[in-house]
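Everything below concerns the one structure shown next.
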Amino acid sequence: MFVVATLDDTVSIAPHLFNEQLSMIVAEELDRKLANTIFQELGLCICLYDILSMGDCILLPSDANFHIKVKFRYVVFRPNIDEILVGKIRSSSKDGITVTLGFFDDILIPSTKLQHPSRFIEAEQTWAWQYETDDETHDLVMDIGEEIRFRVVQEIFEDTAPKEMPNNGGSVAQNTGNDDDKKVPYTIIGSISEPGLGLKSWWIETS
Amino acid sequence: MDFQRDSIRPLSNYETYLVVKQLHETNNERENGKRGKKGQNRTLEHCNFGLNTVTYETLKYLEQTPCIEQNPTILRQFYAEVKKFDLKKVELLQIINLHPTTPVELQLIIEDSETRLTEAQSAELIEIIRTHLPPIGGLNQPNVSNEIMES
(Lines give C-alpha, C1' and ligand atoms only; values in the text may rest on other atoms or scores of the structure.)
Protein backbone atom coordinates (compact mmCIF):
# COMPACT_ATOMS: atom_id res chain seq x y z
CA MET A 1 0.00 0.00 0.00
CA PHE A 2 2.78 2.38 0.89
CA VAL A 3 6.13 2.88 -0.80
CA VAL A 4 9.21 4.94 -0.10
CA ALA A 5 10.68 6.90 -3.03
CA THR A 6 13.86 8.95 -3.41
CA LEU A 7 13.33 12.55 -4.54
CA ASP A 8 15.51 15.55 -5.35
CA ASP A 9 14.66 19.15 -4.69
CA THR A 10 16.10 22.58 -3.94
CA VAL A 11 14.87 24.09 -0.68
CA SER A 12 14.94 27.84 -0.03
CA ILE A 13 15.41 28.97 3.54
CA ALA A 14 14.36 32.47 4.53
CA PRO A 15 16.72 34.56 6.72
CA HIS A 16 14.49 34.56 9.80
CA LEU A 17 15.06 30.80 10.06
CA PHE A 18 18.86 30.89 9.88
CA ASN A 19 19.42 30.21 13.58
CA GLU A 20 17.29 27.07 13.63
CA GLN A 21 18.69 23.58 13.09
CA LEU A 22 19.18 23.12 9.35
CA SER A 23 17.88 19.56 9.05
CA MET A 24 14.70 20.44 10.94
CA ILE A 25 14.00 23.45 8.76
CA VAL A 26 14.65 21.48 5.58
CA ALA A 27 12.36 18.68 6.81
CA GLU A 28 9.61 21.17 7.62
CA GLU A 29 9.92 22.85 4.23
CA LEU A 30 9.78 19.55 2.37
CA ASP A 31 6.72 18.48 4.33
CA ARG A 32 5.11 21.85 3.68
CA LYS A 33 5.58 21.38 -0.05
CA LEU A 34 4.70 17.71 -0.39
CA ALA A 35 2.55 16.33 2.46
CA ASN A 36 -1.00 15.49 1.44
CA THR A 37 -0.32 16.30 -2.22
CA ILE A 38 -0.47 14.04 -5.24
CA PHE A 39 2.81 13.76 -7.09
CA GLN A 40 2.04 12.80 -10.69
CA GLU A 41 3.01 9.23 -11.55
CA LEU A 42 4.17 8.68 -7.95
CA GLY A 43 1.14 8.81 -5.65
CA LEU A 44 -0.17 10.54 -2.53
CA CYS A 45 2.75 11.90 -0.50
CA ILE A 46 2.31 11.23 3.21
CA CYS A 47 5.41 12.37 5.11
CA LEU A 48 9.19 12.58 5.05
CA TYR A 49 10.98 9.28 5.65
CA ASP A 50 14.55 10.59 5.90
CA ILE A 51 17.04 13.00 4.34
CA LEU A 52 19.78 11.24 2.38
CA SER A 53 22.06 14.18 1.62
CA MET A 54 22.11 17.97 1.62
CA GLY A 55 24.30 19.97 -0.70
CA ASP A 56 26.09 23.24 0.02
CA CYS A 57 24.12 26.39 0.83
CA ILE A 58 24.05 28.62 -2.22
CA LEU A 59 23.39 32.35 -2.24
CA LEU A 60 22.04 34.08 -5.32
CA PRO A 61 22.46 37.77 -6.12
CA SER A 62 19.73 40.06 -4.70
CA ASP A 63 18.14 37.10 -2.88
CA ALA A 64 18.60 36.78 0.87
CA ASN A 65 17.51 33.12 1.00
CA PHE A 66 19.82 30.16 1.20
CA HIS A 67 19.21 27.49 -1.42
CA ILE A 68 20.13 23.90 -0.68
CA LYS A 69 19.89 20.87 -2.93
CA VAL A 70 18.39 18.03 -0.93
CA LYS A 71 18.08 14.34 -1.70
CA PHE A 72 15.49 12.66 0.50
CA ARG A 73 13.06 9.78 0.80
CA TYR A 74 9.32 10.23 1.15
CA VAL A 75 6.56 7.86 2.28
CA VAL A 76 4.01 7.69 -0.53
CA PHE A 77 0.67 5.95 -0.78
CA ARG A 78 0.72 3.95 -4.00
CA PRO A 79 -1.05 0.61 -4.03
CA ASN A 80 0.10 -1.95 -6.61
CA ILE A 81 -2.26 -3.14 -9.31
CA ASP A 82 -4.06 -6.30 -8.11
CA GLU A 83 -3.41 -5.44 -4.49
CA ILE A 84 -6.21 -6.09 -1.99
CA LEU A 85 -7.24 -3.13 0.19
CA VAL A 86 -9.86 -2.55 2.86
CA GLY A 87 -11.80 0.73 3.01
CA LYS A 88 -15.17 2.17 3.98
CA ILE A 89 -18.04 2.89 1.61
CA ARG A 90 -18.37 6.64 1.21
CA SER A 91 -21.29 6.96 -1.23
CA SER A 92 -23.22 5.08 -3.89
CA SER A 93 -24.67 6.17 -7.17
CA LYS A 94 -25.90 4.52 -10.35
CA ASP A 95 -22.32 4.60 -11.68
CA GLY A 96 -20.91 2.64 -8.76
CA ILE A 97 -19.56 2.95 -5.25
CA THR A 98 -16.95 5.35 -3.92
CA VAL A 99 -14.71 4.02 -1.16
CA THR A 100 -12.56 5.98 1.26
CA LEU A 101 -9.49 5.07 3.29
CA GLY A 102 -9.66 8.19 5.48
CA PHE A 103 -6.51 9.74 4.07
CA PHE A 104 -7.49 8.98 0.47
CA ASP A 105 -11.00 9.37 -0.91
CA ASP A 106 -10.90 8.91 -4.67
CA ILE A 107 -11.50 5.20 -5.02
CA LEU A 108 -14.24 4.20 -7.39
CA ILE A 109 -15.76 0.76 -7.86
CA PRO A 110 -17.76 1.06 -11.09
CA SER A 111 -21.08 -0.72 -11.43
CA THR A 112 -19.54 -3.18 -13.91
CA LYS A 113 -17.06 -4.39 -11.30
CA LEU A 114 -19.51 -5.23 -8.54
CA GLN A 115 -20.44 -8.78 -7.55
CA HIS A 116 -22.55 -10.33 -10.25
CA PRO A 117 -25.55 -9.94 -10.16
CA SER A 118 -26.07 -6.65 -8.28
CA ARG A 119 -28.86 -4.13 -8.44
CA PHE A 120 -29.20 -0.46 -7.53
CA ILE A 121 -32.01 0.27 -5.06
CA GLU A 122 -33.28 3.68 -6.17
CA ALA A 123 -35.26 4.38 -3.02
CA GLU A 124 -32.28 3.96 -0.71
CA GLN A 125 -29.62 4.97 -3.26
CA THR A 126 -27.55 1.90 -2.37
CA TRP A 127 -26.30 -1.12 -4.26
CA ALA A 128 -27.20 -4.67 -3.26
CA TRP A 129 -25.71 -8.00 -4.25
CA GLN A 130 -28.45 -10.41 -5.29
CA TYR A 131 -27.03 -13.49 -3.62
CA GLU A 132 -28.64 -16.72 -4.83
CA THR A 133 -28.91 -19.73 -2.56
CA ASP A 134 -30.67 -22.93 -3.67
CA ASP A 135 -34.22 -21.60 -3.68
CA GLU A 136 -34.11 -17.90 -2.85
CA THR A 137 -32.38 -14.67 -3.78
CA HIS A 138 -31.22 -12.51 -0.87
CA ASP A 139 -30.43 -8.83 -1.26
CA LEU A 140 -27.14 -8.11 0.52
CA VAL A 141 -27.19 -4.33 0.81
CA MET A 142 -23.99 -2.26 0.69
CA ASP A 143 -24.64 0.54 3.18
CA ILE A 144 -22.56 3.65 3.66
CA GLY A 145 -19.86 3.27 6.30
CA GLU A 146 -19.51 -0.49 5.83
CA GLU A 147 -16.01 -1.96 5.57
CA ILE A 148 -15.34 -3.23 2.09
CA ARG A 149 -12.50 -5.36 0.71
CA PHE A 150 -11.61 -4.65 -2.93
CA ARG A 151 -8.89 -5.29 -5.49
CA VAL A 152 -7.06 -2.40 -7.18
CA VAL A 153 -7.62 -2.78 -10.90
CA GLN A 154 -6.45 0.50 -12.39
CA GLU A 155 -4.87 3.77 -11.37
CA ILE A 156 -5.49 7.01 -13.26
CA PHE A 157 -3.18 10.00 -13.01
CA GLU A 158 -4.52 13.23 -14.50
CA ASP A 159 -2.60 16.39 -14.99
CA THR A 160 -4.44 19.14 -13.12
CA ALA A 161 -1.87 21.88 -13.67
CA PRO A 162 -3.38 25.18 -14.85
CA LYS A 163 -3.40 25.39 -18.61
CA GLU A 164 -2.59 28.43 -20.69
CA MET A 165 -5.71 30.23 -21.89
CA PRO A 166 -5.80 31.29 -25.54
CA ASN A 167 -5.82 35.07 -25.92
CA ASN A 168 -9.47 35.57 -26.91
CA GLY A 169 -10.79 38.91 -25.67
CA GLY A 170 -14.03 38.37 -23.77
CA SER A 171 -14.43 34.59 -23.63
CA VAL A 172 -12.31 34.01 -20.50
CA ALA A 173 -15.26 34.11 -18.11
CA GLN A 174 -17.17 31.61 -20.23
CA ASN A 175 -14.27 29.17 -20.23
CA THR A 176 -13.83 29.13 -16.44
CA GLY A 177 -17.55 28.39 -16.14
CA ASN A 178 -17.08 25.21 -18.16
CA ASP A 179 -14.46 23.82 -15.75
CA ASP A 180 -17.27 22.48 -13.57
CA ASP A 181 -16.22 18.85 -13.66
CA LYS A 182 -13.11 19.08 -11.52
CA LYS A 183 -10.31 16.79 -12.55
CA VAL A 184 -9.07 14.45 -9.87
CA PRO A 185 -5.27 14.05 -10.00
CA TYR A 186 -5.17 10.45 -8.76
CA THR A 187 -8.05 7.97 -8.99
CA ILE A 188 -8.04 4.31 -8.14
CA ILE A 189 -10.49 1.96 -9.85
CA GLY A 190 -11.35 -1.10 -7.78
CA SER A 191 -13.26 -4.30 -8.25
CA ILE A 192 -15.21 -6.57 -5.93
CA SER A 193 -16.26 -9.15 -8.48
CA GLU A 194 -14.37 -12.12 -6.98
CA PRO A 195 -15.15 -14.49 -4.10
CA GLY A 196 -13.82 -12.97 -0.89
CA LEU A 197 -14.28 -9.37 -2.06
CA GLY A 198 -17.03 -6.99 -1.06
CA LEU A 199 -18.27 -6.28 2.43
CA LYS A 200 -16.09 -7.93 5.08
CA SER A 201 -19.22 -9.12 6.86
CA TRP A 202 -20.20 -11.29 3.87
CA TRP A 203 -17.20 -13.58 4.18
CA ILE A 204 -16.84 -14.23 7.91
CA GLU A 205 -16.36 -17.95 8.39
CA THR A 206 -18.75 -19.59 10.82
CA SER A 207 -16.91 -22.68 12.04
CA MET B 1 11.41 18.37 -8.05
CA ASP B 2 11.66 14.89 -9.42
CA PHE B 3 11.73 11.34 -8.18
CA GLN B 4 14.00 8.49 -9.23
CA ARG B 5 11.75 5.91 -10.81
CA ASP B 6 13.84 2.89 -9.87
CA SER B 7 14.13 4.00 -6.24
CA ILE B 8 10.58 3.02 -5.28
CA ARG B 9 10.58 0.42 -2.51
CA PRO B 10 7.54 -1.08 -0.78
CA LEU B 11 6.86 -0.31 2.88
CA SER B 12 4.79 -2.54 5.12
CA ASN B 13 1.89 -0.99 7.02
CA TYR B 14 3.87 -1.60 10.21
CA GLU B 15 6.83 0.53 9.04
CA THR B 16 4.51 3.29 7.84
CA TYR B 17 2.71 3.14 11.18
CA LEU B 18 5.98 3.69 13.07
CA VAL B 19 6.96 6.70 10.91
CA VAL B 20 3.54 8.34 11.05
CA LYS B 21 3.11 7.73 14.79
CA GLN B 22 6.49 9.26 15.60
CA LEU B 23 5.76 12.30 13.45
CA HIS B 24 2.36 12.77 15.04
CA GLU B 25 3.85 12.57 18.53
CA THR B 26 6.66 15.06 17.82
CA ASN B 27 4.11 17.41 16.26
CA ASN B 28 1.92 17.21 19.35
CA GLU B 29 4.88 17.82 21.66
CA ARG B 30 6.06 20.79 19.61
CA GLU B 31 2.63 22.37 19.51
CA ASN B 32 2.06 21.88 23.23
CA GLY B 33 5.45 23.44 23.92
CA LYS B 34 4.74 26.44 21.69
CA ARG B 35 1.41 27.12 23.34
CA GLY B 36 3.16 27.45 26.70
CA LYS B 37 5.47 30.29 25.56
CA LYS B 38 4.23 33.82 26.34
CA GLY B 39 0.67 32.55 26.86
CA GLN B 40 -0.17 33.14 23.20
CA ASN B 41 -1.31 30.54 20.78
CA ARG B 42 1.52 30.76 18.27
CA THR B 43 0.83 27.42 16.67
CA LEU B 44 -1.19 28.57 13.67
CA GLU B 45 1.62 30.38 11.92
CA HIS B 46 3.87 27.34 11.96
CA CYS B 47 1.13 24.77 11.52
CA ASN B 48 1.47 22.52 8.51
CA PHE B 49 -2.16 21.68 7.89
CA GLY B 50 -1.50 19.29 5.03
CA LEU B 51 0.98 17.24 7.01
CA ASN B 52 -1.16 17.21 10.16
CA THR B 53 -4.27 16.15 8.26
CA VAL B 54 -2.69 13.35 6.29
CA THR B 55 -0.66 11.94 9.19
CA TYR B 56 -3.66 12.01 11.50
CA GLU B 57 -5.90 10.28 8.94
CA THR B 58 -3.23 7.71 8.04
CA LEU B 59 -2.65 6.98 11.73
CA LYS B 60 -6.37 6.56 12.29
CA TYR B 61 -6.58 4.14 9.37
CA LEU B 62 -3.55 2.07 10.40
CA GLU B 63 -4.75 1.81 14.00
CA GLN B 64 -7.68 -0.23 12.70
CA THR B 65 -5.34 -2.76 11.09
CA PRO B 66 -3.38 -5.62 12.74
CA CYS B 67 -0.06 -3.85 12.03
CA ILE B 68 -0.18 -2.13 15.46
CA GLU B 69 0.46 -5.48 17.16
CA GLN B 70 3.49 -6.33 15.02
CA ASN B 71 7.15 -5.91 15.83
CA PRO B 72 10.40 -6.95 14.07
CA THR B 73 10.75 -10.19 16.08
CA ILE B 74 7.27 -11.40 15.19
CA LEU B 75 7.82 -10.58 11.54
CA ARG B 76 11.19 -12.33 11.43
CA GLN B 77 9.73 -15.47 13.04
CA PHE B 78 6.80 -15.41 10.62
CA TYR B 79 9.11 -15.05 7.65
CA ALA B 80 11.21 -18.04 8.80
CA GLU B 81 8.08 -20.18 9.09
CA VAL B 82 6.66 -19.35 5.66
CA LYS B 83 9.88 -19.55 3.65
CA LYS B 84 9.02 -23.11 2.64
CA PHE B 85 5.89 -21.98 0.77
CA ASP B 86 7.99 -20.01 -1.70
CA LEU B 87 5.71 -16.96 -1.72
CA LYS B 88 6.47 -13.82 -3.67
CA LYS B 89 7.49 -10.66 -1.83
CA VAL B 90 4.25 -8.81 -2.71
CA GLU B 91 2.20 -11.75 -1.43
CA LEU B 92 4.09 -11.86 1.88
CA LEU B 93 3.65 -8.11 2.27
CA GLN B 94 -0.08 -8.37 1.69
CA ILE B 95 -0.38 -11.24 4.18
CA ILE B 96 1.40 -9.16 6.83
CA ASN B 97 -0.77 -6.14 6.09
CA LEU B 98 -4.13 -7.88 5.74
CA HIS B 99 -3.81 -10.87 8.05
CA PRO B 100 -6.07 -13.30 6.13
CA THR B 101 -7.92 -15.82 8.28
CA THR B 102 -9.87 -17.82 5.69
CA PRO B 103 -8.84 -19.79 2.58
CA VAL B 104 -10.97 -17.45 0.43
CA GLU B 105 -8.94 -14.42 1.53
CA LEU B 106 -5.71 -16.33 0.93
CA GLN B 107 -6.77 -17.13 -2.62
CA LEU B 108 -7.24 -13.42 -3.31
CA ILE B 109 -3.71 -12.64 -2.19
CA ILE B 110 -1.78 -15.57 -3.65
CA GLU B 111 -1.64 -15.75 -7.43
CA ASP B 112 -2.56 -19.14 -8.88
CA SER B 113 -3.09 -20.50 -5.39
CA GLU B 114 -4.80 -23.65 -6.70
CA THR B 115 -1.69 -24.77 -8.59
CA ARG B 116 0.91 -23.55 -6.12
CA LEU B 117 -0.59 -24.65 -2.81
CA THR B 118 -2.54 -27.78 -1.94
CA GLU B 119 -5.51 -27.55 0.41
CA ALA B 120 -3.40 -28.91 3.24
CA GLN B 121 -0.71 -26.30 2.61
CA SER B 122 -3.33 -23.52 2.56
CA ALA B 123 -4.66 -24.71 5.88
CA GLU B 124 -1.12 -24.89 7.27
CA LEU B 125 -0.38 -21.35 6.09
CA ILE B 126 -3.54 -20.03 7.70
CA GLU B 127 -2.60 -21.77 10.94
CA ILE B 128 0.88 -20.18 10.84
CA ILE B 129 -0.69 -16.76 10.22
CA ARG B 130 -3.07 -17.33 13.09
CA THR B 131 -0.35 -18.32 15.55
CA HIS B 132 2.41 -15.94 14.51
CA LEU B 133 0.67 -12.74 13.46
CA PRO B 134 -1.32 -11.25 16.32
CA PRO B 135 -4.76 -9.86 15.50
CA ILE B 136 -5.89 -6.52 16.92
CA GLY B 137 -5.96 -6.97 20.69
CA GLY B 138 -3.03 -9.38 20.86
CA LEU B 139 -2.77 -13.13 20.67
CA ASN B 140 -4.93 -15.30 22.93
CA GLN B 141 -2.54 -18.25 23.20
CA PRO B 142 -0.54 -18.02 26.44
CA ASN B 143 2.83 -19.36 25.25
CA VAL B 144 3.14 -17.14 22.18
CA SER B 145 2.01 -13.98 23.97
CA ASN B 146 4.70 -14.58 26.58
CA GLU B 147 7.29 -14.57 23.81
CA ILE B 148 6.06 -11.18 22.65
CA MET B 149 6.17 -9.79 26.18
CA GLU B 150 9.80 -10.88 26.55
CA SER B 151 10.89 -9.41 23.20
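Numbers restart at 1 for each chain; the letters A, B, ... are given by sequence-line order, proteins then strands. Quantities reported herein were computed from a predicted structural model and do not represent experimental measurements.
The 12-atom threshold is not exceeded at OH of Y56(B), counting heavy atoms of other residues, nucleotides or ligands nearer than 6.0 Å. Open room surrounds CG on D56(A); 12 or fewer heavy atoms of other groups in view lie less than 6.0 Å from it. The neighbour count for Y131(A) OH, taken as heavy atoms of other residues, nucleotides or ligands under 6.0 Å away, does not exceed 12. Within 6.0 Å of the NZ atom in K89(B), the count of heavy atoms belonging to other residues, nucleotides or ligands does not exceed 12. The number of heavy-atom neighbours closer than 6.0 Å to OH of Y79(B), taken from other residues, nucleotides and ligands shown, is 12 or below.
Only the side chain of L62(B) comes within less than 4.5 Å of a heavy atom in chain A; its backbone stays farther off. In this structure, chain B has a heavy atom under 4.5 Å from the backbone of L48(A), while its side chain stays farther away. Looking at E41(A), both its backbone and its side chain come within 4.5 Å of chain B, counting heavy atoms on both sides. Heavy atoms closer than 4.5 Å to chain A are found in both the backbone and the side chain of T58(B). Looking at Q4(B), the atoms closer than 4.5 Å to chain A (heavy atoms on both sides) sit in the backbone and in the side chain alike.
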Determine, stepwise, if the pair Q107(B) / E194(A) fulfils side chain to side chain contact (heavy atoms under 4.5 Å, CB included).
CA-CA 10 Å; Q107(B) 271 178 2; E194(A) 293 165 59; over 6 Å; no

Could you go through the side chain to side chain contact (heavy atoms under 4.5 Å, CB included) check for R9(B) and V3(A) one step at a time?
CA-CA 5 Å; R9(B) 300 273 175 275; V3(A) 297; over 6 Å; no

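Atom CH2 of residue W203(A) and atom OG1 of residue T102(B) lie 9.0 Å apart, to the nearest 0.5 angstrom. Separation of atoms CG (N48(B)) and NZ (K33(A)) is listed at 13.0 Å; rounding is to 0.5 Å. Note that the CG atom of D31(A) and the CG atom of L23(B) stand 6.0 Å from one another [nearest 0.5 Å]. In this structure, CE on M1(B) lies 7.0 Å from CG on L30(A), to the nearest 0.5 angstrom. Separation of atoms CD (Q22(B)) and SG (C47(A)) is listed at 9.5 Å; rounding is to 0.5 Å. Annotation: the span from F2(A) atom CZ to L11(B) atom CG amounts to 8.5 Å, rounded to 0.5 Å.
Residue F3(B) comes nearest to L7(A) through the heavy atom pair CB-CG, 3.7 Å, listed as atom of the first residue, atom of the second, then distance. Smallest separation of non-hydrogen atoms from T6(A) and S7(B): N-OG, 3.0 Å.
Side-chain contact check for N36(A) versus N52(B): every heavy-atom pair is 4.5 Å or farther apart. In this structure the side chain of Y61(B) reaches within 4.5 angstrom of the side chain of M1(A), judged on heavy atoms.
Note on T53(B), T65(B), N13(B), D6(B): by heavy-atom pairs under 4.5 Å with chain A, the leading option is N13(B).
Within the 3.5 Å criterion, the main-chain N or O of L51(B) finds no donor-acceptor partner in the side chain of R32(A).
Scanning residues 64-86 of chain A against chain B with a 4.5 Å heavy-atom cutoff picks out K71(A), F72(A), V75(A), N80(A), D82(A), E83(A), I84(A), V86(A), ordered by number.
Screening residues 48-66 of chain B for salt bridge (Lys or Arg N to Asp or Glu O under 4.0 Å) gives no qualifying pairs among residues at least two apart or on separate chains.
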